[in-house]
2 protein chains.
Amino acid sequence: MSLRYALLAILRVGPLSGYDLQKQFSQSVGHVWYAPDSQIYPELRKMNADGLIEPEEQTRGERGTRIVYHVTDAGEQAFLAWMRSPLSYQRVRDPAHLRAAYLEAAEPADARRFFEAHIAEWESELEQFEGELHHIDALSNPMLVRRLAVTPDAERERTIEYKRFAYEGLVERAKGEIGWARRGLELVDRLYPDVDANADADAEAS
Amino acid sequence: MSLRYALLAILRVGPLSGYDLQKQFSQSVGHVWYAPDSQIYPELRKMNADGLIEPEEQTRGERGTRIVYHVTDAGEQAFLAWMRSPLSYQRVRDPAHLRAAYLEAAEPADARRFFEAHIAEWESELEQFEGELHHIDALSNPMLVRRLAVTPDAERERTIEYKRFAYEGLVERAKGEIGWARRGLELVDRLYPDVDANADADAEAS
DNA sequence: CTCATCATGTAAGGAGTTACATGATTGG
DNA sequence: CCAATCATGTAACTCCTTACATGATGAG
């Protein structure tokens, strides 16, 4: 249900085609709300049917066409209404902590691999989030720049600060997950003291 | 896809009916993987069709029947195979951080309400996780006690430690979210210095 | 002319949500 | 005998995933 609001958030700063939208998406909102193009195109149609956006057909070359979507008044209102409404939280479905709770059923080597993969996963996320933070500070994120261009002066600080703040939260979460998994590796070493392998190296590195 | 492994994790400690399973579920694995009964019953059937569990029909009173499910060898193998396999991470879909990134579009009062709801949500989670931790330490979680009863001595410490560790991670995450949202409230106060209201009270409370 | 990129999808299926539906048993 | 709880689902729908499908344009 949040997909359409994620799309509106981007379209609100200016009309885009489905294709461009998808590109922008993966570089901005995509960090907090993933969506593949096979989901974006149909959603745009539904949003059009619901009157939240309006298509404008443009020619491209001799015969090519592309459709850029504008946010309608109804779309703007829907976005603001969502902002005012209480957020509906999703139920927890956390495969990593599910597995962690039953790791005694795994070989120590597999437990280690699990935590290492968890670290790798979150380090890759962390890198993205920190990259975004730098782009925000350096005003080098194209979406943010476009947004600021259509934002009244008084709102500019807030626009930047809230974005910063959101990504700071994501960075902290990623660091928390990494820290937890590192302690997980230590735990495996502690629970299987006789199994050597790369265990010692791991323990000293942290 | 993890649902069936969550179910196997519980059934592995002893046969249960769908009804009992559902009860146990909400008090144990349910903390990391939510599932309503309308999802559990069909999944049990599919698992039966796939040969992972076996139904045993029992009479109950004069005419009532109930079906208890046993894990088959194939089921046990499937669980262990899952434990060995790399975990597939879900794509991010985080409505809270999505909204936070665009809060400049909200009234300050709505931004505050949003962060307060976030705090309330995670405090309720936190309470559950900390309750679980106490149950683990006091050995007062019925599922854990049943599990330990069928666990060889050498595995007992690991069983307890991994469970503890999983919940510690959840507790930290919850605390992280709460801390972030508290700083969110301070940020709102900073960005709207002229709006008073309950702002001062909030700032002092934290 | 050919390849990268622009541009827009469909189709099939699995997972999850919400709401509804029904009947037996046991304790007070 | 009545209410709580034991017991087991179905139906309709939305959301998401994975894989496939197709054709135009512009740069070299």
Side-chain angles (χ1 to χ4, degrees), chain A residues 1-7 11 15-27 29-30 32-50 52-53 55-69 82 87-95 98, chain B residues 1-7 11 15-27 29-30 32-50 52-53 55-69 82 87-95 98:
Chain A
M1 260 310 264
S2 297
L3 174 57
R4 63 173 48 192
Y5 302 106
L7 295 173
L11 285 178
L16 284 173
S17 69
Y19 184 80
D20 287 332
L21 182 53
Q22 186 222 111
K23 296 271 150 179
Q24 302 283 1
F25 200 90
S26 57
Q27 286 164 35
V29 214
V32 284
W33 197 274
Y34 168 83
D37 37 339
S38 71
Q39 213 188 343
I40 290 178
Y41 285 111
E43 184 64 25
L44 286 173
R45 297 195 152 196
K46 273 198 270 174
M47 289 164 73
N48 180 21
D50 293 347
L52 305 184
I53 56 178
E56 177 196 348
E57 196 153 320
Q58 295 183 341
T59 58
R60 194 177 91 88
E62 295 281 305
R63 303 150 165 237
T65 59
R66 52 183 236 138
I67 305 165
V68 299
Y69 289 98
W82 177 71
L87 198 61
S88 69
Y89 285 82
Q90 306 163 326
R91 324 283 185 139
V92 272
R93 286 210 173 82
D94 185 335
L98 168 61
Chain B
M1 258 310 263
S2 298
L3 174 57
R4 65 172 48 191
Y5 302 106
L7 295 173
L11 284 178
L16 284 174
S17 69
Y19 184 79
D20 287 333
L21 181 53
Q22 185 223 111
K23 297 270 149 180
Q24 302 282 0
F25 199 89
S26 57
Q27 287 163 36
V29 213
V32 284
W33 198 275
Y34 169 83
D37 37 339
S38 70
Q39 211 188 344
I40 290 177
Y41 284 111
E43 183 65 24
L44 287 173
R45 297 195 152 196
K46 273 196 271 176
M47 289 163 73
N48 180 21
D50 293 347
L52 306 183
I53 56 178
E56 177 196 347
E57 197 154 320
Q58 294 183 340
T59 59
R60 196 175 90 89
E62 296 281 307
R63 302 151 167 237
T65 58
R66 53 184 232 134
I67 304 164
V68 299
Y69 289 98
W82 177 71
L87 197 62
S88 68
Y89 285 82
Q90 310 169 123
R91 325 281 188 139
V92 273
R93 288 210 171 82
D94 186 335
L98 169 61

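Labels below follow one simple rule: chain letters A, B, ... track the order of the sequence lines, proteins then strands, and each chain is numbered from 1. Computed from a predicted structure; not experimentally measured.
At dT17(D), one or more side-chain N or O atoms of R93(B) fall inside 4.0 Å of OP1 or OP2 (strictly under the cut-off).
Summarising the geometry, the separation between CG on L7(A) and P on dC16(D) is reported as 11 Å, rounded to the nearest angstrom. Taking atom CG of residue D50(B) and atom C1' of nucleotide dG14(C), one finds them 13 Å apart after rounding to whole Å. The distance from atom CD of Q58(A) to atom P of dC6(C) is 16 Å, rounded to the nearest whole Å. Atom CG in L44(A) sits roughly 16 Å away from atom C1' in dT10(C) (whole-Å rounding). Rounding to whole angstrom units, CG of residue L3(B) and C1' of dG16(C) are separated by 10 Å. Here the P atom of nucleotide dA24(C) and the CD atom of E57(B) are 15 Å apart, to the nearest Å.
Under the rule for a side chain to side chain donor-acceptor pair (under 3.5 Å), Q39(B) has no partner lying at least two apart in sequence or in another chain. Residues meeting the side chain to side chain donor-acceptor pair (under 3.5 Å) test with R45(A), sequence neighbours left out: none. Applying the ring-ring contact (aromatic ring centres under 6.0 Å, His included) test to Y69(B) and every residue at least two apart in sequence or in another chain returns nothing. With sequence neighbours left out, R60(B) forms a side chain to side chain contact (heavy atoms under 4.5 Å, CB included) with R66(B). The side chain to side chain contact (heavy atoms under 4.5 Å, CB included) test applied to Q27(A) returns no partner, not counting sequence neighbours. In this structure K46(A) satisfies the side chain to side chain contact (heavy atoms under 4.5 Å, CB included) test together with R4(A), E43(A), sequence neighbours excluded. Here Y89(A) pairs with H118(B) under the ring-ring contact (aromatic ring centres under 6.0 Å, His included) rule; sequence neighbours left out.
The minimum heavy-atom distance between N48(B) and I53(B), with the atom names listed, is OD1-O, 3.3 Å.
In this structure the side chain of V92(A) never reaches within 4.5 angstrom of the side chain of W33(B), judged on heavy atoms.
The residue among R91(B) and K46(A) whose nearest nucleotide of DNA chain D is located toward the 5' end is K46(A).
Recorded end-axis angle for the helix from dC1(C)-dG28(D) to dG28(C)-dC1(D) stands at 10°, based on five pairs per end and rounded to 10 degrees.
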Sugar-phosphate atoms are those with a prime plus P, OP1 and OP2; base atoms are the rest. Using that split, label each nucleotide of nucleotides 1-13 of chain D B, S or - for protein heavy atoms under 4.0 Å, 5' to 3'. ----SBBBBB---

